[in-house]
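Scroll down for the structure; my scribbles are underneath it.
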Amino acid sequence: MSKLRVGILGATGMVGQRFISLLENHPWFEVTTLAASERSAGKTYEEAVGNRWKMKKPMPEAVKSMIVKNVNEVEAVAASVDFVFSAVDMTKDEIKAIEEAYAKAETPVVSNNSAHRWTPDVPMVIPEVNPDHFEVIASQRKRLGTKRGFIAVKPNCSIQSYTPALDALMEYGPKVVVATTYQAISGAGKNFADWPEMVDNVIPFIGGEEEKSEQEPLRIWGKVIDGEIVKAQSPLITTQCIRVPVTDGHTAAVFVSFEKKPEKEAIIKAWKEYKGLPQELDLPSAPKQFIKYFEEDNRPQVTLDRDYENGMGICLGRLREDTVYDYKFVGLSHNTVRGAAGGAVLSAELLKALGYIEAK
Ligand SMILES: NC(=O)c1ccc[n+]([C@@H]2O[C@H](COP(=O)([O-])OP(=O)(O)OC[C@H]3O[C@@H](n4cnc5c(N)ncnc54)[C@H](OP(=O)(O)O)[C@@H]3O)[C@@H](O)[C@H]2O)c1
C-alpha cells in the first residue's frame, strides 16, 4: 500500500512539530509538504524553526531540508498532498477561510484549530466516542461544492480528561457535572523557558477555556439531524480551568450525579471495557486500552501517567462517593498528544479507514 501524502499547515509551531514527531515512520501517512507563514516560506524547515524545536525527540532528518511553503498559497500546497493537518495560529476568521479554501481545493483538512468547531456541518470527533458524526461530511461537501474536500476538527484538549469517562457511563444518565481542570503550559504553546512566570505559580484564568470545556462535550454527544450536528441538552456541565506549572498533561477533578446512580464496581467495569471503532479497526495510533483505572490513591499522576498508551489513553482514579454529588473522580490526558496532534492523527486514520480520505 503506498502511503498518503500529507501536508502540515503551521508546521513550524508547537502543534505542527508534534504532528511531525508523531508522523515519523507512520505506516499510512508520509509528510511531503510543510507550510507556515510568509516569514518561514522559502527557508529549509530546520532554518525556519531555528531554536523553537520543543519536542523531546530530535527533529526527524527527513524534514530538516524540506523547503517550507506559504500556507496562503493554497493551490501550490494542495497540488502536492492528498490531505492536510491544520495547526496554524491566525485569527478565527482567517483560519475558517483558509481551511475552507483547502477543502475547496479538494484537499481534506483535519484541523487542530477551534475555528470550525461550531460550523453545523463540520464534524468534531473523538474517534472512540462519536465517529458517526463523520456522516455530516456529505452535506458539507454539498455546501462547499466539493467531491473529496472537507474539514473535520478535533475538540479542545481540556475535555479529553473527562468526556470519554462520562461517555462510558451514558446508560446511567449523567445529569450534573462539575469539573475543575489543571492545565499544562504546553496547552498555550509554551514551555518554562518561554513562560518563566509559570514557575512556582498557578493562574486561575485561561481565555475561552471554560466555555469550550462546558459546551464542547454537548456537541460531541449531539445528533446528526438533517445534515447538521445538533448539540445534546444534557448533562448540565460547569467548569473552572486553571493553568498549573506542568509541562504536559491536563488533569481534571470531576463531580457527577446521575439519573440512575450506578454501583462503584459498575462504573469501573464500564471504564475498563470502554472501546470504540479505533480499537475494533486496530488503527495505527489507537490505544489498545483506551481508559485505565488506577486503584492506588495517589494516581493518576502527571509525570507517571501522561504517556500512558503513548499519550493516547485516558487515566482515571480516585473514584469515590461524594456527599453533595453522586461520585467524584480524577482524570488525566496528554494535552498535546490525545488532546491535539495525536487526536487529529487518530481521526485521520479513521477517516481513511472509512473511505473519506483517499489518494488523489
Ligand atoms: N499548543 C497546544 O497544545 C494547542 C492545543 C490545541 C489547539 N491549539 C491551537 O493550534 C494552533 C497552533 O498552536 P501552536 O501552539 O502550535 O502555535 P504556534 O507555536 O504559535 O505556531 C503557529 C503556527 O502558525 C503559523 N502562522 C502564524 N501566523 C500565520 C499566518 N499569518 N499565516 C500562516 N501561518 C501562520 C506559524 O508559522 P511561523 O513559524 O512562520 O510564524 C506557526 O507554524 C492555534 O490555533 C492554537 O490555538 C494549540
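Counting begins at 1 with the first residue of the sequence. None of the values given here were measured: they were computed from a predicted structure. Order of listing sets the numbers, starting from 1, for every ligand and every atom in it.
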Subject >> Main-chain N/O of Thr180 paired to Gln240 side chain as donor or acceptor, under 3.5 Å >> reply: no
Original post:
Got a sec: does the CG of Asn201 have more than 12 other heavy atoms crowding it under 6.0 Å?
Top reply: yes
Subject >> Lys/Arg cation over aromatic Tyr327: Lys261, 6.0 Å, 45° cone >> reply: yes
**OP:** Give the residue and atom name of whichever protein heavy atom lies nearest to atom 4 (C) of ligand 1, and the separation in Å to one decimal.
**Re:** Val15 CG2, 3.6 Å
**OP:** Determine whether more than 12 heavy atoms belonging to other residues, nucleotides or ligands lie under 6.0 Å from atom NZ of Lys275.
**Re:** no
**OP:** Among all protein heavy atoms, pick the one closest to atom 19 (O) of ligand 1 and tell me residue, atom and distance.
**Re:** Met14 N, 2.9 Å
Original post:
Should you measure from each heavy atom of Ser40, which atoms of ligand 1 turn up under 4.0 Å away?
Top reply: 38 (P), 39 (O), 40 (O)
Subject >> Atoms of ligand 1 close to Asn112 [distance to a heavy atom under 4.0 angstrom, numbered from 1] >> reply: 6 (C), 7 (C), 8 (N), 9 (C), 10 (O), 48 (C)
Subject >> Centroid separation Tyr293 to Phe329 less than 6.0 Å >> reply: no
Original post:
What atoms in ligand 1 come closer than 4.0 Å to a heavy atom of Gly189?
Top reply: 1 (N), 15 (O)
Original post:
What do you think, any protein heavy atom under 4.0 angstrom from atom 47 (O) of ligand 1?
Top reply: no
Original post:
Which of the atoms in ligand 1, numbered in the order shown and given with their element, are less than 4.0 Å from a heavy-atom of Thr12?
Top reply: 36 (C), 37 (O), 38 (P), 39 (O), 40 (O), 42 (C), 43 (O)
Original post:
Quick one: which of Glu209, Glu216, Glu214 gives a side chain to side chain contact (heavy atoms under 4.5 Å, CB included) with Ser158?
Top reply: Glu209
Original post:
At the 4.0 Å heavy-atom cut-off, does Arg52 count as touching ligand 1?
Top reply: yes
Original post:
Should Thr336 be counted as touching ligand 1, given the test is an N or O pair under 3.5 Å?
Top reply: no
**OP:** Fit a plane to each ring of Trp28 and His26, take the angle between them on a 0 to 90° scale, and name the class: parallel (under 30°), tilted (30 to 60°) or perpendicular (over 60°).
**Re:** perpendicular
**OP:** Could you tell me which atoms of ligand 1, counted from 1 in the order shown, lie closer than 4.0 angstrom to a heavy atom of Ser186?
**Re:** 1 (N), 2 (C), 3 (O)
Original post:
Does Asp89 approach ligand 1 within less than 4.0 angstrom via side chain, backbone, both or neither, non-hydrogen atoms only?
Top reply: both
Subject >> Under-4.0 Å heavy-atom contact with ligand 1, by part of Arg39 that carries it >> reply: side chain
Original post:
Which protein non-hydrogen atom lies closest to atom 31 (N) of ligand 1, naming both residue and atom, and how far is it?
Top reply: Met90 CG, 3.9 Å
**OP:** Rounded to the nearest 0.5 Å, what's the gap from NZ on Lys264 to CZ on Arg320? Could you check?
**Re:** 9.0 Å
